[in-house]
Amino acid sequence: EIPLRLVGSEMCIRDRFAVSRVWEENAQVCVDLMRRAREGGAGLLVLPEGILARDITDPQIVLKAAQPLDGPFMARLLEASRGSDLATMMCVHVPTGEGRVWNTLVTIQDGRIVSQYRKLHLYDAFTMKESTNVTPGNDIPPLLELGGLKIGLMTCYDVRFPELARRLALDGADLLVLPAAWVRGPLKEKHWEVLVTARALENTCYVAATGECGERNIGCSMVVDPLGVVTAQAGEAPALVFADIDPERLAHARKVLPVLANRRFAAPQLA
């Protein structure tokens with residue numbers, strides 16, 4: 001997970017944890033991280049993808065463990081968020097009611113769900129097939145405003161599709177948030193670093209990308225600034241990492257590298 005602290009208005013980003021198959025254990029980890037993020041002066045805590053439950057030996061775990069947004073997992077986190085300005089983002093699997101689930105990026109703050117985004121691009125690649133159990137979303141997520149920042153929402157495999165990041169940047173995003181569970185494999189750490197850095201640099205946005213760790217995934221959470229500089233990074237083990245998001249750095253990047261103003265293509269549209 002990555003707690004982000006905005007320069008001037010404090011935000012925070014947290015690096016990864018290893019997700020258990022027991023939702024109660026994962027909820028307690030989230031609650032503990034929310035407390036630590038608040039104590040560290042963060043305004044935003046970003047948790048990884050798929051934190052409800054994980055069991056690499058059971059491909060049906062996303063169906064078995066899925067909960068509605070008014071279920072006990074989210075109720076536990078919402079209660080823990082009451083009375084605080086800290087916003088917390090995480091991805092959970094939510095039943096569609098048709099024997100499948102949505103991979104949903106949820107933002108909570110002060111006891112309320114303030115945004116949700118159903119993952120557009122499903123991970124049907126490298127021998128994996130997320131679409132077996134997951135239904136894709138059909139909407140470009142609206143920007144979320146927190147602490148004076150406009151935040152664009154993306155999830156894991158979305159980072160391989162530059163159209164979404166560009167659309168969010170043109171909509172006005174200052175920061176792109178990317179919870180992930182990036183699967184291990186040949187050169188996969190390099191893919192992650194290149195893609196996250198490219199999305200930041202080509203759109204002159206901050207990118208906060210958090211990765212789940214554990215047996216299957218690489219972790220490697222990172223924050224990249226609008227000129228492609230990695231300002232915070234974690235390794236393969238659980239960690240809580242704080243990073244500053246500086247509006248002046250954002251303004252400088254867009255002045256010296258006005259790629260959004262210089263572009264010749266229209267804003268991408270969802271097919």
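Nothing fancy with the numbering, it's 1 onward along the sequence. Treat the numbers as computed from the prediction; the structure is a model and nothing was measured.
Closest approach of Val134 and Leu122 over heavy atoms only: O-CD1, 3.2 Å. The two residues Asp244 and Tyr206 make their nearest non-hydrogen contact at O-CE2, 4.1 Å. Nearest heavy atoms, Ile113 versus Val106: CG2-CG1, 3.9 Å. Listed here is the closest heavy atom pair of Met89 and Ile151: CE-CG2, 4.0 Å. Summarising the geometry of Ser115 relative to Leu144, their closest heavy-atom pair is OG-CD2, 3.9 Å, with the distance given to 0.1 Å. Heavy atoms only, all atoms of each residue included: Val62 and Pro59 are closest at CG2-O, 4.5 Å.
Interatomic distance, CE of Met154 versus CG of Leu176, reported as 6.0 Å (0.5 Å rounding). Between the CG atom of Leu178 and the CE atom of Met222 there is a distance of 10.5 Å, given to the nearest 0.5 Å. Interatomic distance, Leu153 CG to Leu168 CG, rounded to the nearest 0.5 Å: 7.5 Å. Rounded to the nearest 0.5 angstrom, Arg38 CZ and Leu86 CG are separated by 6.5 Å. Taken to the nearest 0.5 Å, the OG1 atom of Thr135 stands 7.0 Å off from the CD atom of Glu98.
A 4.5 Å side-chain heavy-atom check between Pro226 and Leu201 finds every atom pair outside the cut-off. Using a 4.5 Å heavy-atom threshold, the side chains of Met90 and Pro48 count as separate. Two residues are said to be in side-chain contact when any heavy atoms from C-beta on lie closer than 4.5 Å; Val223 and Val207 fail this criterion. The closest side-chain heavy-atom distance from Cys30 to Ile51 is below 4.5 Å. Between Thr104 and Cys91, the closest side-chain pair of non-hydrogen atoms is not below 4.5 Å. Side-chain contact between Cys156 and Lys119 is present, with at least one heavy-atom pair separated by less than 4.5 Å. A heavy-atom distance below 4.5 Å is not found between the side chains of Gln269 and Glu163. For the pair Leu149/Ile245, a side-chain contact is recorded, criterion being any heavy-atom separation below 4.5 Å from C-beta on.
Ring orientation note: the planes of Tyr157 and Tyr123 are nearly perpendicular, at an angle over 60° on the 30°/60° scale. Ring geometry, Trp192 versus Trp182: the interplanar angle falls from 30° to 60°, so the pair is classed tilted.
For the residue pair Asp85/Gln109, the side-chain donor-acceptor check at 3.5 Å is not satisfied. No hydrogens or angles considered: a donor-acceptor pair under 3.5 Å links the side chains of Asp124 and Ser131. Side-chain contact of Tyr117 with Asp158: a donor-acceptor pair under 3.5 Å is present, judged by distance alone. Side-chain atoms of Asn203 and Arg166 form a donor-acceptor pair, as typed in the model, at a separation below 3.5 Å.
If you run side chain to side chain contact (heavy atoms under 4.5 Å, CB included) between Leu270 and each of Leu164, Asp139, Leu120, only Leu120 comes through.
No donor-acceptor pair closer than 3.5 Å links the side chain of Arg118 to the backbone N or O of Pro141. For the pair Thr210 (side chain) and Leu47 (backbone), a donor-acceptor distance under 3.5 Å is present. A donor-acceptor pair is defined here as one N or O able to donate and one able to accept, closer than 3.5 Å; no such pair exists between the side chain of Arg112 and the backbone of Val114. Glu49 contributes a side-chain N or O that, together with a main-chain N or O of Ala181, makes up a donor-acceptor pair within less than 3.5 Å. Arg216 contributes no side-chain N or O that, together with a main-chain N or O of Ile56, makes up a donor-acceptor pair within less than 3.5 Å. The backbone N or O of Thr204 sits less than 3.5 Å from a side-chain atom of Arg254, completing a donor-acceptor pair. The backbone N or O of Lys129 sits less than 3.5 Å from a side-chain atom of Thr132, completing a donor-acceptor pair. Checked by atom type and distance alone, the side chain of Arg184 pairs as donor or acceptor with a backbone atom of Glu215 at under 3.5 Å. Formation of a donor-acceptor pair under 3.5 Å by the Arg249 side chain with backbone atoms of Asp246 is not found in this model. The closest donor-acceptor contact from the side chain of Asp55 to the backbone of Ile61 lies at 3.5 Å or more, if one exists at all.
Around atom CD of Glu39, more than 12 heavy atoms belonging to other residues, nucleotides or ligands sit under 6.0 Å away. A 6.0 Å sphere centred on NZ of Lys150 holds no more than 12 heavy atoms belonging to other residues, nucleotides or ligands. Counted within 6.0 Å of CG on Asn262, heavy atoms from surrounding residues, nucleotides or ligands total more than 12; the atom is thus considered enclosed.
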query: Under the side-chain contact (heavy atoms from CB on, under 4.5 Å) criterion, do Val224 and Arg199 qualify, and how do the steps go?
result: CA-CA 9 Å; Val224 183; Arg199 297 297 86 85; over 6 Å; no
task: Starting from the C-alpha separation in whole Å, work towards a yes-or-no answer on side-chain contact (heavy atoms from CB on, under 4.5 Å) for Arg160 and His191.
output: CA-CA 9 Å; Arg160 291 189 183 271; His191 292 193; 3.0 Å; yes
- prompt: Does the side-chain contact (heavy atoms from CB on, under 4.5 Å) test come out yes or no for Phe73 and Val92, once each step is laid out?
  reply: CA-CA 10 Å; Phe73 179 87; Val92 295; 3.8 Å; yes
field: Stepwise side-chain contact (heavy atoms from CB on, under 4.5 Å) check, Ser81 with Met34
entry: CA-CA 8 Å; Ser81 74; Met34 291 164 68; 3.7 Å; yes
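With salt bridges taken as basic N to acidic carboxylate O contacts below 4.0 Å, none links Asp32 and Arg36. A salt bridge links Asp58 with Lys64: at least one charged nitrogen is closer than 4.0 Å to a carboxylate oxygen.
Residue Leu250 is not grouped with residue Leu257 when hydrophobic side chains (ILVMFWY) are merged at heavy-atom distances under 4.5 angstrom, including chains of intermediate members. In this structure, Leu195 is not a member of the same hydrophobic cluster as Leu227, with clusters built from ILVMFWY side-chain heavy atoms closer than 4.5 Å. Val159 is connected to Val230 through a chain of hydrophobic side-chain contacts under 4.5 Å among Ile, Leu, Val, Met, Phe, Trp and Tyr, so both are in one cluster. In this structure, Val19 is not a member of the same hydrophobic cluster as Leu63, with clusters built from ILVMFWY side-chain heavy atoms closer than 4.5 Å. Both Leu143 and Val46 are members of a single hydrophobic cluster when ILVMFWY side chains are connected at heavy-atom separations under 4.5 Å.
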